[in-house]
A.B. asks: 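Structure provided below as structure tokens; questions to follow.
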Amino acid sequence: MTQVKAYEAVSATSGLQPGTIERREPAAHDVEIAIEFCGLCHSDVHTIRSEWGPAKYPLVPGHEIVGIVSRVGDGVEGFTVGERVGVGCMVDSCRECESCLEGFEQYCEVGNTGTYGVVDSRNGGVVTQGGYAQSIVVDENYVLHIPEGMDPAAAAPLLCAGITTYSPLRYLDVQDGDAVGVIGLGGLGHMGVKIAKALGATVTVFTTSPAKADDARALGADNVVVSTDPEEMAAAKESLNAILDTVAAVHDLNPYLRTLARDGALIQLGLPSEDMPPVDPGLLIRKRLAYGGSLIGGIAETQEMLDFCAEHGIVSDIELVTAKELDAAYDRMVAGDVKYRFVLDAATI
Ligand code: NAP
Ligand code: ZN
Ligand code: ZN
């Protein structure tokens with residue numbers, strides 16, 4: 001075991017504080033990573049504040065990890081010491097079920113092993129601890145290659161925000177000429193804009209923050225709709241083929257469904273801690289709309305997304321924070337004041 005400095009929550013109200021965790025010695029197929037940067041996802045906030053049910057404290061969050069390989073096990077073939085790598089939201093899965101075999105490890109039928117807060121049955125039943133730490137040890141099958149030349153801090157958010165928006169856009173086969181809406185211009189939302197644009201779509205951002213309109217356009221949006229303005233919403237009626245909903249708070253979906261054209265789909269990505277107002281089935285029926293959801297992406301698809309982003313010059317727009325600024329960054333995220341992803345500089349832990 002190696003003792004590692006980290007930032008952890010000890011209760012739903014403790015905020016994040018310095019602590020020490022243990023990382024296992026790299027086994028045959030393990031990669032040890034010296035963490036450089038870790039993105040701050042709204043899921044980290046939901047989890048450590050126990051908004052999705054009681055978390056397993058003490059808990060180190062963080063699943064947008066970029067770092068340098070420091071040691072590898074004897075059996076590791078895909079990674080070498082000194083290489084820059086990434087780890088996203090999963091560090092393992094059963095590897096045997098239909099979902100795992102088809103490369104959809106995120107939908108593993110016995111449950112994927114989340115990067116933090118999950119019992120790791122393959123490694124002695126310890127609770128996984130995430131990336132707000134100096135290092136991590138991960139099986140090589142769940143480690144990604146960060147493309148050469150990509151800024152490591154700005155690449156970190158691709159490991160969750162990037163893949164979570166890329167996967168449904170690809171699943172919906174979004175391409176040239178499609179009209180895509182993105183609800184919420186935060187971490188996921190701003191990646192959704194960039195990726196949809198790179199796939200050739202015309203992009204409409206729905207925001208509750210009129211002050212973000214210029215940024216939205218600079219990020220690539222063709223249209224910006226202030227979602228609290230009924231006239232702007234009405235003007236967007238039946239204009240879109242697909243919508244990604246990245247909102248972390250409870251909201252009414254029905255006004256957004258009205259902006260979908262026939263055969264359109266609204267994909268839920270944001271997971272608020274409380275029930276949402278019901279979807280009006282009549283809206284779905286009358287335009288043959290689909291309302292679905294999507295969870296991150298598979299490992300191979302995550303590598304594909306990283307390579308796609310490298311090819312298109314896409315990274316996240318980030319604000320680097322120190323470990324002492326984590327609590328303040330969470331509060332700003334909850335207030336919608338993020339441009340557009342906070343990233344922890346792990347050197348400050
Ligand atoms: P974020 O950076 O905080 O962005 C969320 C954005 O939602 C805010 O910036 C804000 O944008 C908008 N918003 C906030 N409150 C709103 C309200 N009451 N009504 C309408 N819009 C509101 O969060 P994130 O990290 O992108 O994560 C977003 C959600 O996705 C979280 O619930 C997270 O847990 C979830 N998530 C899901 C997956 C998955 O696999 N499905 C993966 C990662 C995260 P505007 O100011 O533009 O309105
Ligand atoms: Zn996340
Ligand atoms: Zn499985």
Side-chain angles (χ1 to χ4, degrees), residues 38-49 51-52 61-65 88-90 92-116 130-131 156-168 182-193 205-213 215-216 219 221 224-228 244-253 255-256 267-274 276 292-299 302 316-319 329-342:
C38 184
L40 277 56
C41 179
H42 209 115
S43 302
D44 303 347
V45 182
H46 291 309
T47 305
I48 72 130
R49 294 185 177 176
E51 292 173 2
W52 285 340
H63 58 206
E64 293 183 337
I65 301 166
C89 304
M90 299 177 278
D92 208 345
S93 63
C94 86
R95 311 179 193 190
E96 287 170 358
C97 73
E98 206 170 296
S99 293
C100 283
L101 294 176
E102 289 179 18
F104 301 121
E105 299 90 344
Q106 74 274 35
Y107 303 116
C108 174
E109 284 143 41
V110 297
N112 74 62
T113 306
T115 303
Y116 59 80
L158 301 182
L159 278 312
C160 174
I163 184 59
T164 301
T165 48
Y166 180 84
S167 184
V182 175
I183 315 177
L185 197 63
L188 266 58
H190 93 292
M191 290 311 309
V193 171
V205 166
F206 294 98
T207 181
T208 60
S209 311
K212 291 182 184 172
D215 285 355
L219 290 164
V224 180
V225 173
V226 176
S227 52
T228 49
L244 301 183
D245 183 339
T246 76
V247 176
V250 169
H251 58 293
D252 183 6
L253 294 168
Y256 299 102
I267 303 292
Q268 190 65 44
L269 300 175
L271 181 54
S273 50
E274 277 158 47
M276 302 262 283
S294 184
L295 176 67
I296 49 175
I299 295 295
T302 304
S316 174
D317 284 30
I318 63 159
E319 190 177 325
Y330 275 20
D331 290 340
R332 281 183 55 196
M333 207 191 315
V334 172
D337 176 22
V338 47
K339 292 188 170 180
Y340 279 90
R341 193 58 134 188
F342 293 111

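Just follow the structure's listing: the first ligand is 1, and inside any ligand the first atom is 1. The structure displayed is predicted, hence computed values, not measured ones.
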A.B. asks: Compare all side-chain heavy atoms of I183 with those of Y256 and state whether any distance is below 4.5 angstrom.
C.D. replies: yes
A.B. asks: Does anything in residues 101-114 form a side chain to side chain donor-acceptor pair (under 3.5 Å)? List the pairs, not counting sequence neighbours.
C.D. replies: S99-E109
A.B. asks: So I163 and L158, do their side chains get closer than 4.5 Å, heavy atoms only?
C.D. replies: no
A.B. asks: Please say whether G187 places an N or O atom under 3.5 Å from an N or O atom belonging to ligand 1.
C.D. replies: yes
A.B. asks: Ignoring waters, how many protein N/O/S atoms are under 2.8 Å from the Zn ion (ligand 2)?
C.D. replies: 3
A.B. asks: Looking only at heavy atoms, what is the nearest atom pair of G187 and H190, with distance?
C.D. replies: O-ND1, 2.8 Å
A.B. asks: Is any side-chain heavy atom of M333 closer than 4.5 Å to one of V45?
C.D. replies: yes
A.B. asks: Mind checking the OH-CG spacing from Y340 to D215? Nearest 0.5 Å is all I need.
C.D. replies: 3.5 Å
A.B. asks: Among protein heavy atoms, which sits nearest to atom 4 (O) of ligand 1, and what does the distance come to when rounded to 0.1 Å?
C.D. replies: G186 CA, 3.3 Å
A.B. asks: Search all heavy atoms of G162 against all heavy atoms of T165 and return the closest pair with its distance.
C.D. replies: O-OG1, 3.0 Å
A.B. asks: Would you indicate which of A161, A216, A249, A248 comes nearest to atom 18 (N) of ligand 1 when only heavy atoms are counted?
C.D. replies: A249
A.B. asks: How far apart are the closest heavy atoms of C97 and C108, and which atoms are they?
C.D. replies: SG-CA, 3.8 Å
A.B. asks: Within the distance-only criterion (no hydrogens, no angle test), does the side chain of R341 pair as donor or acceptor with the backbone N or O of L40 below 3.5 angstrom?
C.D. replies: yes
A.B. asks: M333 heavy atoms, cut-off 4.0 Å: which ligand 1 atoms fall inside?
C.D. replies: 3 (O)
A.B. asks: Which pair of non-hydrogen atoms, one from V250 and one from E274, has the smallest distance, and what is that distance?
C.D. replies: CG2-O, 3.6 Å
A.B. asks: Please report the shortest heavy-atom distance between I65 and C38, naming the atom on each side.
C.D. replies: CG1-SG, 4.0 Å
A.B. asks: Which atoms from ligand 1 have a heavy atom of C160 less than 4.0 Å away?
C.D. replies: 42 (C), 43 (C)
A.B. asks: Look at atom 22 (C) of ligand 1 and find which of V182, V247, L188 reaches it with the closest heavy atom.
C.D. replies: V247
A.B. asks: Less than 4.0 Å is my threshold; does some heavy atom of R341 fall inside it relative to ligand 1?
C.D. replies: yes
A.B. asks: Would you call T207 and S227 a side-chain contact if the rule is heavy atoms closer than 4.5 Å?
C.D. replies: no
A.B. asks: Are any of the N/O atoms on L185, whether in the backbone or the side chain, positioned under 3.5 angstrom from an N/O atom of ligand 1?
C.D. replies: yes
A.B. asks: Around atom 40 (O) of ligand 1, find the nearest protein heavy atom and jot down its residue, atom name and distance.
C.D. replies: I296 N, 2.8 Å
A.B. asks: Does ligand 1 have a heavy atom under 4.0 Å from the side chain of Q268, from its backbone, from both, or from neither?
C.D. replies: neither
A.B. asks: Where is the nearest protein heavy atom to atom 48 (O) of ligand 1: which residue, which atom, and how far?
C.D. replies: T208 OG1, 2.6 Å
A.B. asks: Show which atoms of ligand 1 fall inside a sub-4.0 Å distance from at least one heavy-atom site of L295.
C.D. replies: 40 (O)
A.B. asks: Please determine whether any non-hydrogen atom of W52 lies less than 4.0 Å from an atom of ligand 1.
C.D. replies: yes
A.B. asks: Is K212 paired with D317 through a side-chain N to carboxylate O contact shorter than 4.0 Å?
C.D. replies: no
A.B. asks: Restricting to non-hydrogen atoms, name the atom on G186 and the atom on V338 that form the minimum distance, rounded to 0.1 Å.
C.D. replies: CA-CG1, 4.4 Å
A.B. asks: Please identify each residue that fulfils ring pair (Phe, Tyr, Trp, His ring centres under 6.0 Å) with H46, with sequence neighbours left out.
C.D. replies: H42, W52
A.B. asks: Report yes if the side chains of M191 and L244 come closer than 4.5 Å at any heavy-atom pair, otherwise no.
C.D. replies: no
A.B. asks: Suppose I only count heavy atoms of G184 and a 4.0 Å limit; which atoms of ligand 1 are within that range?
C.D. replies: 7 (O), 11 (O), 12 (C), 47 (O)
A.B. asks: For a 4.5 angstrom cut-off between non-hydrogen side-chain atoms, does V193 reach V205?
C.D. replies: yes
A.B. asks: Report yes if some heavy atom in the side chain of T47 is under 4.5 Å from a heavy atom in the side chain of P61; otherwise report no.
C.D. replies: no
A.B. asks: Identify the closest protein heavy atom to atom 5 (C) of ligand 1: which residue and atom is it, and at what distance?
C.D. replies: T246 O, 3.6 Å
A.B. asks: Which atoms from ligand 1 have a heavy atom of G270 less than 4.0 Å away?
C.D. replies: 29 (C), 30 (O), 32 (O), 35 (C)
A.B. asks: Under 4.0 Å from a heavy atom of H42: give me the atoms of ligand 1 that qualify, with their elements.
C.D. replies: 1 (P), 3 (O), 23 (O), 24 (P), 25 (O), 27 (O), 31 (C)
A.B. asks: Would you mind checking which non-hydrogen protein atom is closest to atom 32 (O) of ligand 1, with the distance to 0.1 Å?
C.D. replies: H46 NE2, 2.8 Å
A.B. asks: Enumerate the atoms of ligand 1 whose separation from the nearest heavy atom of K212 is less than 4.0 angstrom.
C.D. replies: 9 (O), 11 (O), 45 (P), 46 (O), 47 (O)
A.B. asks: Which residue and non-hydrogen atom of the protein lie closest to atom 47 (O) of ligand 1, and at what distance in Å?
C.D. replies: T207 OG1, 2.5 Å
A.B. asks: Which one of S209, S294, G189, G297 has a non-hydrogen atom at the shortest distance from atom 46 (O) of ligand 1?
C.D. replies: S209
A.B. asks: For Y330, is the OH atom crowded, meaning more than 12 foreign heavy atoms sit under 6.0 Å from it?
C.D. replies: yes
A.B. asks: Using a cut-off of 2.8 Å, count how many protein N, O or S atoms are strictly closer to the Zn ion (ligand 3).
C.D. replies: 4
A.B. asks: In the protein, which heavy atom is nearest to atom 33 (C) of ligand 1, and how far is it?
C.D. replies: S43 OG, 3.4 Å
A.B. asks: Indicate, as side chain, backbone, both or neither, the part of T164 found under 4.0 angstrom from ligand 1 when only non-hydrogen atoms are considered.
C.D. replies: side chain
A.B. asks: Any side-chain heavy atom of T208 sitting closer than 4.5 Å to one from V226?
C.D. replies: no
A.B. asks: Ignoring hydrogens and geometry, is there a side-chain-to-backbone donor-acceptor pair from E64 to A161 under 3.5 Å?
C.D. replies: yes
A.B. asks: Could you list the atoms of ligand 1 found under 4.0 angstrom from a heavy atom of L269?
C.D. replies: 30 (O), 35 (C), 36 (N), 37 (C), 38 (C), 39 (C), 41 (N)
